[in-house]
Asker: 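Sharing a structure with you now.
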Amino acid sequence: MGRVYNFSAGPAVLPEEVLKEAADEMMDYQGCGMSVMEMSHRSKTYDNIIKTAEKDLRDILNIPDNYKVLFMQGGASTQFAAIPMNLMKNKVADYIVTGQWAKKAYQEAQIYGKANKIATSEDKTFSYIPDCSDLPISEDADYVYICENNTIYGTKFKKLPNTKGKILVSDVSSCFLSEPMNINDYGVVYGGVQKNIGPAGVVISIIREDLITDDVLPGTPTMLKFKTHADNDSLYNTPPAYGIYICGKVFKWIKKMGGLEVMKQRNEEKAKVLYDFLDSSDLFKGTVVKEDRSLMNVPFVTGDADLDAKFVAEAKAAGLESLKGHRTVGGMRASIYNAMPKAGVEKLVEFMADFEKKNK
Ligand SMILES: Cc1ncc(COP(=O)(O)O)c(C=O)c1O
């Protein structure tokens, strides 16, 4: 069987070029006689791999010099604890809860201090982003937290919240490198890489240097201290070495494609194909308010659970994989990350139109 169009929310489709290159280098990385998987993380060759990855990421995102780039592990969920442990000096933080992942982060923060839910869209199943222009930001908040793109619900912050001078911490797992962003607007930007960048497990965190200190909550494990990783250039212990190598290849691919402006343009074009179809369909409906629609994750329903299940099964048989919606939303979800070609979205829409005709 050949490759399918993979609409999985994560782990997700990666550029074919990257996978082929990794396959070519599997047995013998550039004349080393071994795979990157087998290589000491203290070797000169690996040092070059991780340093180049960081440099390319800095170029792509235009990361200012006063921000550190850390490659960590434990998935994005481990950062739900690491963030309060490192940043809660006053033991107060404000959370904007726009979906399951923000909610999990909010709940985790409650273990370490006073986490305030200052806005939420839970009243309408997280189908929109609340107005964040004038929220009751706590006077002593150590930071304001958002999940910038809500993987499950398919919403995205198009405008960052007004934090009234407080540090903004953002989980960008499912919109990482999908469009340009201004790192200076944030204290911490972090994400699991398993959607747009590489293999699950690796987390990249971009942190303003003054937020990386020894002044962390008592009991913070060494491995969860930002400073541990910052002081050791992400090589304090054995990093997820192979995963970082793949991330590095994806960074090169993004650069070759023309960078984040080009990614954004491609992603807008792709998403338009699907959203335009949803807006014109009598059978399928998008579940999100138009102005907050994500370019990466597109949930939709027919309104009939049996028909949804039939659609998912028939789509799979047609080579359109992993279109089942998250268990908390039902219906379908098409994740159309950077590496999903436009042809994949076009094929999906063609299939949907055909399904609609047959199931009127
Ligand atoms: C936005 C967002 N944050 C956090 C996570 C959790 O990531 P992990 O499974 O790497 O802990 C996910 C996973 O899908 C996600 O989509």
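Atoms considered below: every heavy atom in the structure, side chains included; atoms not considered: hydrogens, waters and symmetry mates.
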Asker: Does the side chain of D304 pick up a donor-acceptor pair with the side chain of T302 at under 3.5 Å?
Answerer: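 Distance-only check fails for D304 and T302.
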Asker: Can you find a heavy atom in the side chain of M181 that is under 4.5 Å from one in the side chain of V172?
Answerer: yes
Asker: Do the ring planes of F311 and F284 sit parallel (below 30°), tilted (30 to 60°) or perpendicular (above 60°)?
Answerer: perpendicular
Asker: About how many Å separate CG of L260 and CG of D59, when rounded to the nearest 0.5 Å?
Answerer: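 Those atoms lie 11.0 Å apart.
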Asker: I'd like to know if the side chain of N162 and the backbone of K164 have a donor-acceptor N/O pair within less than 3.5 Å.
Answerer: yes
Asker: For the side chain of S173 and the backbone of G192, is there at least one donor-acceptor N/O pair under 3.5 Å apart?
Answerer: yes
Asker: Are N6 and Y337 linked by a side-chain donor-acceptor pair shorter than 3.5 Å?
Answerer: no
Asker: For R58, is there an ion pair with E54 - N to carboxylate O distance below 4.0 angstrom?
Answerer: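 Salt bridge: yes.
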Asker: Spell out, as yes or no, whether a donor-acceptor pair under 3.5 Å connects the side chain of D292 to the backbone of I129.
Answerer: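 A pair under 3.5 Å: yes.
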Asker: Is it true that the NZ or CZ of K256 lies under 6.0 Å from the centre of W253's six-membered ring and within 45 degrees of the ring axis?
Answerer: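 Output no; distance or angle outside limits.
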Asker: Can you check whether M88's main-chain N or O pairs, donor with acceptor, with Y112's side chain at less than 3.5 Å?
Answerer: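 It does not hold such a pair.
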Asker: Does the side chain of L224 reach to within under 4.5 Å of the side chain of T78, using non-hydrogen atoms?
Answerer: yes
Asker: Hey, does the side chain of N338 reach the backbone of N196 with a donor-acceptor pair shorter than 3.5 angstrom?
Answerer: no
Asker: Looking at D233, is its backbone amide N or carbonyl O close enough to the side chain of K68 to form a donor-acceptor pair, meaning the two atoms are under 3.5 Å apart?
Answerer: no
Asker: A side-chain contact here means heavy atoms from C-beta on lying under 4.5 Å apart; do L235 and D47 qualify?
Answerer: yes
Asker: Using a strict 4.0 Å threshold on nitrogen-to-oxygen distance, state whether E21 and K252 make a salt bridge.
Answerer: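 Result for this pair is no, no salt bridge flagged.
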Asker: Are any of the side-chain heavy atoms of I60 and F251 separated by less than 4.5 Å?
Answerer: yes
Asker: Which heavy atom of E261 sits nearest a heavy atom of P180, and at what distance?
Answerer: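 Reported closest heavy-atom pair: OE2-CG, 3.5 Å.
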Asker: Please determine whether residues I244 and M72 belong to a single hydrophobic cluster, defined as Ile, Leu, Val, Met, Phe, Trp and Tyr linked transitively by side-chain heavy-atom distances below 4.5 Å.
Answerer: no
Asker: With a 4.5 Å heavy-atom cut-off, do N237 and H41 have their side chains touching?
Answerer: no
Asker: Between the main-chain N or O of T228 and the side-chain N or O of N232, is there a donor-acceptor pair closer than 3.5 Å?
Answerer: yes
Asker: To check you understand the geometry: which heavy-atom pair defines the closest contact between T125 and Y153, and what is its length?
Answerer: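 Looking at all heavy atoms of both residues, the shortest contact is O-CD2, 3.3 Å.
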Asker: Take Q100 and T328 through the side-chain contact (heavy atoms from CB on, under 4.5 Å) test and state the conclusion after the steps.
Answerer: CA-CA 9 Å; Q100 293 256 354; T328 61; 3.1 Å; yes
Asker: Quick one: does D171's side chain get under 4.5 Å of Y190's, heavy atoms only?
Answerer: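 They are in side-chain contact.
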Asker: Which is it for E314 and K358 under the side-chain contact (heavy atoms from CB on, under 4.5 Å) test, yes or no, and what are the steps along the way?
Answerer: CA-CA 12 Å; E314 289 183 10; K358 290 179 182 151; 5.9 Å; no
Asker: Say whether, by atom type as modelled, one donor and one acceptor occur between the side chain of N86 and the main chain of I212 under 3.5 angstrom.
Answerer: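 Here the side-chain-to-backbone pair does not exist.
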Asker: Please tell me whether N297 and S335 have a donor and an acceptor in their side chains that are separated by less than 3.5 angstrom.
Answerer: yes
Asker: To the nearest 0.5 angstrom, please state how far the CG atom of L87 sits from the CG atom of L217.
Answerer: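 The CG atom of L87 sits 9.0 Å away from the CG atom of L217.
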Asker: Looking at K156 and E179, is any side-chain nitrogen of the basic one under 4.0 Å from a carboxylate oxygen of the acidic one?
Answerer: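 So E179 pairs with K156 through a salt bridge.
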Asker: Give me the atom names and distance for the closest heavy-atom approach of L14 to A339.
Answerer: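 Scanning both residues, the minimum pair turns out to be C-CB, 3.4 Å.
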Asker: If you count every heavy atom of other residues, nucleotides or ligands that lies below 6.0 Å from D65 atom CG, does the total exceed 12?
Answerer: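 Open: at most 12 neighbouring heavy atoms sit under 6.0 Å from CG of D65.
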Asker: Are the side chains of T45 and Q30 in touch, meaning some heavy atoms are under 4.5 Å apart?
Answerer: no
Asker: Can you measure from OH (Y128) to CG (N150) and round to the nearest 0.5 angstrom?
Answerer: 12.0 Å
Asker: Which heavy atom of A76 sits nearest to which heavy atom of V203, and what is that distance?
Answerer: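 The answer is N-CG2, 3.6 Å.
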Asker: Does some side-chain heavy atom of L177 sit less than 4.5 Å from a side-chain heavy atom of M263?
Answerer: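 In short, these two side chains do not touch, never coming nearer than 4.5 Å.
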Asker: Please report the C-alpha distance between I96 and F157 in whole Å, then the side-chain angles of each, then the deciding distance to 0.1 Å, and finally whether the side-chain contact (heavy atoms from CB on, under 4.5 Å) criterion is met.
Answerer: CA-CA 11 Å; I96 299 173; F157 279 83; 3.9 Å; yes
Asker: Quick one about E356 and S281 (side-chain donor to acceptor, distance below 3.5 Å, no hydrogens or angles considered), yes or no?
Answerer: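 Yes, E356 and S281 have a side-chain donor paired with an acceptor closer than 3.5 Å.
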Asker: Are F126 and Y145 co-members of a hydrophobic cluster defined by side-chain heavy atoms under 4.5 Å apart?
Answerer: yes
Asker: Quick check against the 3.5 Å criterion: does R333 have a side-chain atom that pairs as donor or acceptor with the backbone of G154?
Answerer: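 Not confirmed, R333 side chain does not pair with G154 backbone.
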Asker: Could you check whether N267 and K264, counting side-chain N and O atoms only, form a donor-acceptor pair closer than 3.5 Å?
Answerer: no
Asker: Indicate the ring-plane relationship of W101 and F80, choosing parallel, tilted or perpendicular according to the 30° and 60° boundaries.
Answerer: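 If you compare the ring of W101 with that of F80, the planes turn out tilted.
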Asker: Might you work through the side-chain contact (heavy atoms from CB on, under 4.5 Å) test for D215 and K89, ending with a clear yes or no?
Answerer: CA-CA 8 Å; D215 180 20; K89 319 288 175 196; 3.3 Å; yes
Asker: Just verifying a value: how many Å separate Y67 OH and L211 CG, rounded to the nearest 0.5 Å?
Answerer: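 Rounded to the nearest 0.5 Å, the OH-CG separation comes to 8.0 Å.
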Asker: With no hydrogens and no angle check, do the side chains of N116 and K114 hold a donor and an acceptor under 3.5 Å apart?
Answerer: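 Judged by distance alone, the side chains do pair up.
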Asker: For Y236 and H229, take the angle between the two ring planes, folded into 0 to 90°, and tell me which bin it lands in: parallel under 30, tilted 30 to 60, perpendicular over 60.
Answerer: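 The rings of Y236 and H229 stand perpendicular, inter-plane angle above 60°.
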Asker: Would you kindly confirm whether F226 and M85 end up in one hydrophobic cluster when ILVMFWY residues are joined by side chain heavy atoms under 4.5 Å apart?
Answerer: yes
Asker: Supply the atom-to-atom distance K166 NZ to D142 CG, rounded to the nearest 0.5 angstrom.
Answerer: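 K166 atom NZ to D142 atom CG measures 8.0 Å (nearest 0.5 Å).
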Asker: I'd like to know if E268 and K272 make a salt bridge, using a cut-off of under 4.0 Å between side-chain N and carboxylate O.
Answerer: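 The answer is no: the pair does not qualify as a salt bridge.
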Asker: Above 12 or not: heavy atoms from other molecules or residues under 6.0 Å from NZ of K55?
Answerer: no
Asker: Using a cut-off of 6.0 Å, state whether more than 12 heavy atoms not belonging to R42 lie near its atom CZ.
Answerer: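 For R42, atom CZ is crowded (more than 12 foreign heavy atoms under 6.0 Å).
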Asker: Grab the two heavy atoms, one from A241 and one from Y46, that are nearest each other, plus how far apart they are.
Answerer: O-OH, 2.8 Å
Asker: For the atom pair OH (Y5) and OG (S322), what is the distance rounded to the nearest 0.5 Å?
Answerer: 15.5 Å
Asker: Testing the basics here: between V345 and M340, what is the closest heavy-atom pair and its distance to 0.1 Å?
Answerer: CG2-CG, 4.0 Å
Asker: Hey, does the side chain of N90 reach the backbone of D140 with a donor-acceptor pair shorter than 3.5 angstrom?
Answerer: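 Here the side-chain-to-backbone pair exists.
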Asker: Should the heavy atoms of other residues, nucleotides or ligands under 6.0 Å from NZ of K324 be counted, would the total exceed 12?
Answerer: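 It does not: K324 NZ has 12 such atoms or fewer within range.
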Asker: Quick check on the hydrophobic clustering: are V18 and I50 connected, directly or via other members, by side-chain heavy-atom contacts under 4.5 Å?
Answerer: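 Cluster IDs for V18 and I50 match.
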Asker: Between I254 and L295, is there shared hydrophobic-cluster membership here, with clusters defined by ILVMFWY side-chain heavy atoms closer than 4.5 Å?
Answerer: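 They do not share one cluster, since no chain of ILVMFWY contacts under 4.5 Å joins I254 to L295.
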